[in-house]
Amino acid sequence: MCPWKRVKSKFRTEIESLLGEGETLSEFLQTAVRDSVQRRRNQQEFVRRGLASLKNAKLTDSYVDADAMVARLERTLADARVSQSAGHS
């Protein structure tokens with residue numbers, strides 16, 4: 001599945017040192033590729049949704065001011081910190 005002859009020996013040794021108990025290099029590679037594929041799918045979906053949202057905002061002329069959104073997020077974060085502090089007292 002992977003052209004290991006092209007992988008530098010030092011890197012292969014590093015990878016092998018990270019294998020879990022009973023885990024093979026092939027299993028590690030398969031997991032890494034699967035995770036990478038899922039991450040890229042998630043990125044593509046995120047961009048697709050963002051572009052759709054932008055298109056909708058342009059069509060409806062409905063935007064949220066960036067400064068207003070940042071202020072709202074900062075308030076939400078501050079409230080969460082207060083709630084978390086109250087819970088640990």
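- Hydrophobic clustering keeps Leu18 apart from Phe11 (ILVMFWY residues linked when any side-chain heavy atoms are closer than 4.5 Å, directly or through intermediates).
- With contacts defined as side-chain heavy-atom distances shorter than 4.5 Å, the pair Leu25/Arg12 qualifies.
- Here CG of Leu77 is found 10.0 Å from CD of Gln84. Values are rounded to the nearest 0.5 Å.
- Taking both residues in full, the closest heavy atoms of Tyr63 and Lys58 are given as OH-CG, 3.1 Å, listed atom of the first, atom of the second, then distance.
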Checklist entry - Stepwise, does the side-chain contact (heavy atoms from CB on, under 4.5 Å) test hold for Met69 with Asp65? => result CA-CA 6 Å; Met69 180 55 71; Asp65 179 71; over 6 Å; no
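- Atom CD of Glu14 is separated from atom OG of Ser9 by 11.5 Å, given to the nearest 0.5 angstrom.
- A distance-only check finds no donor-acceptor pair linking the side chain of Ser53 to the backbone of Arg49 [under 3.5 Å].
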Checklist entry - After noting the C-alpha distance and the side-chain angles of Gln30 and Arg34, does the key distance pass the side-chain contact (heavy atoms from CB on, under 4.5 Å) rule? => result CA-CA 6 Å; Gln30 199 170 30; Arg34 187 180 302 115; 3.6 Å; yes
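- Taken to the nearest 0.5 Å, the CG atom of Leu19 stands 10.5 Å off from the CG atom of Leu29.
- Interatomic distance, Lys55 NZ to Thr60 OG1, rounded to the nearest 0.5 Å: 12.5 Å.
- Here Asn56 contributes atom CG and Leu51 contributes atom CG; the two are 12.5 Å apart, rounded to the nearest 0.5 Å.
- Put simply, OG1 on Thr24 and CD on Glu16 are 10.5 Å apart, with the number rounded to the nearest 0.5 Å.
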